[in-house]
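The shown structure was predicted, so the numbers you read here are calculated from the model rather than taken from an experiment. Count residues from 1 along the sequence.
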Amino acid sequence: MSERSIFSNLVRQPGGAFGAAYGPFFLQSALQPIFSERADGRPQIAAFKGLIRASAGDMPCSPAEFFERVPEDERMAVDGLCRSLHILNTGALGRREAALIINFQAGLYTTPQAIRQEVEWLRLAAHEAGLPPARIACEVREHPRDDLDTLVSFAARLHDSGFAIAIDNYTGEDHDLERLERLKPQFVTFDTAWLRSFVENSAGLALLRVVVGQFAAKGIRAIVGGIEEPEMIALCRDMGGPLMQGYLLARPETAPTSFNITFPEGDDEPAQSPAATLAATGFAPLENRAARPVRQFGRRGM
């Protein structure tokens, strides 16, 4: 896949969503809402997490398996193509405030030229989608072999171009504090295992409330993932109201999604309120693909 051909792989589907063809695979964008809570207790979509869905014919393929089958010299272009899908499909929703968090395989972008090229592709996709760069948060996931200085250069270039930064698996350790200081993120997702160890007592909750407040003072929005039990919503309130993501609130939906109907922007009432859906079924509507096993208080997908 050459640099010039990356957008030629895009396919406009009958429902208006964008997909992409790559070899025997068809790629689709799934979006999962990340919520804030209104004063009246109703959920409001604050952001979406972009999740890639790959299939070969009628057979789904996990993101990890798909990327293993992408030749090394094409992974950077395919990685960027997946982000373009998320940006275009989020832009098609026409929402005025919701952000989009998209993953990066940061280790692919190790040279100034690669970083510059990827940022330009992001700017082009954002322009085509009508999304301001400030509403697109690039989640810089660090792997053991990644060089932090290179990640910092990447984050700085993204910030200079108006994009936001997100980091995940935050545990408050020295290494995470360094990431926080040097990458200057706007979104931070807590590590679920680390979080679980704090929510079991009032002292731990008080500490988390301080952390969430400190983040807010710096313009950082904390995210709690893996919301799968109603008790977790109450705990998030006790923590000071971080953003919430999880299957209890809304499952990922392959674009085109129904989120403008179930979670309209502003003060409009949904055709069927999410609370009614939860009360009737015990969970949010399923994504339009095979159901996946339920796990307790943990994040799913890629």
Side-chain angles (χ1 to χ4, degrees), residues 1-3 6 22 47 49-52 62-87 99-126 133-195 211 214-215 218-223 225 299 301-302:
M1 178 184 292
S2 68
E3 297 174 15
I6 184 168
Y22 175 74
K49 182 67 179 288
L51 307 165
I52 201 65
S62 73
E65 181 184 357
F66 166 69
F67 276 104
E68 285 178 0
R69 297 174 67 176
V70 175
E72 187 172 349
D73 61 349
E74 295 188 358
R75 286 181 183 173
M76 188 164 60
V78 173
D79 191 48
L81 177 62
C82 294
R83 280 188 294 280
S84 297
L85 286 179
H86 300 325
I87 292 171
L100 169 66
I101 299 177
I102 47 178
N103 289 338
F104 267 85
Q105 295 189 43
L108 297 174
Y109 307 93
T110 58
T111 67
Q113 178 182 357
I115 293 172
R116 181 172 59 253
Q117 177 179 277
E118 179 55 32
V119 171
E120 287 305 310
W121 282 352
L122 281 173
R123 288 168 59 88
L124 176 59
R135 284 172 50 197
I136 300 173
C138 304
E139 188 171 73
V140 181
R141 291 186 165 186
E142 187 177 9
H143 298 281
R145 291 179 296 177
D146 291 341
D147 177 67
L148 182 56
D149 289 336
T150 301
L151 299 184
V152 170
S153 297
F154 197 1
R157 184 63 183 255
L158 288 165
H159 272 141
D160 289 344
S161 297
F163 294 97
I165 296 294
I167 62 175
D168 68 345
N169 295 334
Y170 181 85
T171 63
E173 297 181 359
D174 289 344
H175 181 64
D176 288 315
L177 294 174
E178 184 180 12
R179 283 200 301 160
L180 199 70
E181 177 65 26
R182 299 188 65 189
L183 296 177
K184 298 177 171 46
Q186 284 65 57
F187 295 90
V188 173
T189 301
F190 291 129
D191 179 86
T192 51
W194 174 79
L195 190 68
V211 172
Q214 289 175 338
F215 281 2
K218 295 179 180 180
I220 300 171
R221 307 188 78 175
I223 301 174
R299 294 179 307 164
M302 289 186 62

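- Scored by the side-chain hydrogen bond (donor to acceptor under 3.5 Å, both in side chains) test, Arg182 finds Asp149 as partners (sequence neighbours excluded).
- In plain terms, the two heavy atoms of Thr150 and Ile115 that are nearest each other are O-CD1, 4.5 Å.
- The local environment of CG in Asp160 is crowded, with over 12 non-hydrogen atoms from other residues, nucleotides or ligands closer than 6.0 Å.
- Listed by chain and residue number, nothing satisfies the side-chain hydrogen bond (donor to acceptor under 3.5 Å, both in side chains) test with Ser153 (two or more places apart in sequence, or in another chain).
- Donor-acceptor pairing under 3.5 Å is recorded for the side chains of Thr171 and Asp176.
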inquiry  = Is there a side chain to side chain contact (heavy atoms under 4.5 Å, CB included) between Thr189 and Asn169? Walk through the geometry before answering.
reply    = CA-CA 6 Å; Thr189 301; Asn169 295 334; over 6 Å; no

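- The line from CD of Gln105 to CZ of Arg141 is 10.0 Å long, rounded to the nearest 0.5 Å.
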Exercise for review: Using the side chain to side chain contact (heavy atoms under 4.5 Å, CB included) rule, take Asn103 and Lys49 through it: C-alpha gap first, then chi angles, then the decisive distance, then the call.
Suggested key: CA-CA 9 Å; Asn103 289 338; Lys49 182 67 179 288; 3.3 Å; yes

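- Phe104 is linked by a ring-ring contact (aromatic ring centres under 6.0 Å, His included) to Tyr109, Phe154, counting only residues two or more places apart in sequence or in another chain.
- Counting heavy-atom neighbours within 6.0 Å of Glu65 CD, excluding the residue itself, gives a total above 12.
- Between Asp168 and Arg179, the closest heavy-atom pair is O-NH2, 2.8 Å.
- More than 12 heavy atoms of other residues, nucleotides or ligands lie within 6.0 Å of CZ in Arg157, so this atom counts as buried by the packing criterion.
- Between atom CG of residue Leu81 and atom CD1 of residue Ile52 there is a gap of 7.5 Å, rounded to the nearest 0.5 Å.
- Ring geometry for Trp194 versus Tyr170: interplanar angle over 60°, hence perpendicular rather than tilted (30 to 60°).
- Residues Glu139 and Ile102 form no side-chain contact, since every pair of their non-hydrogen atoms from C-beta on lies 4.5 Å or further apart.
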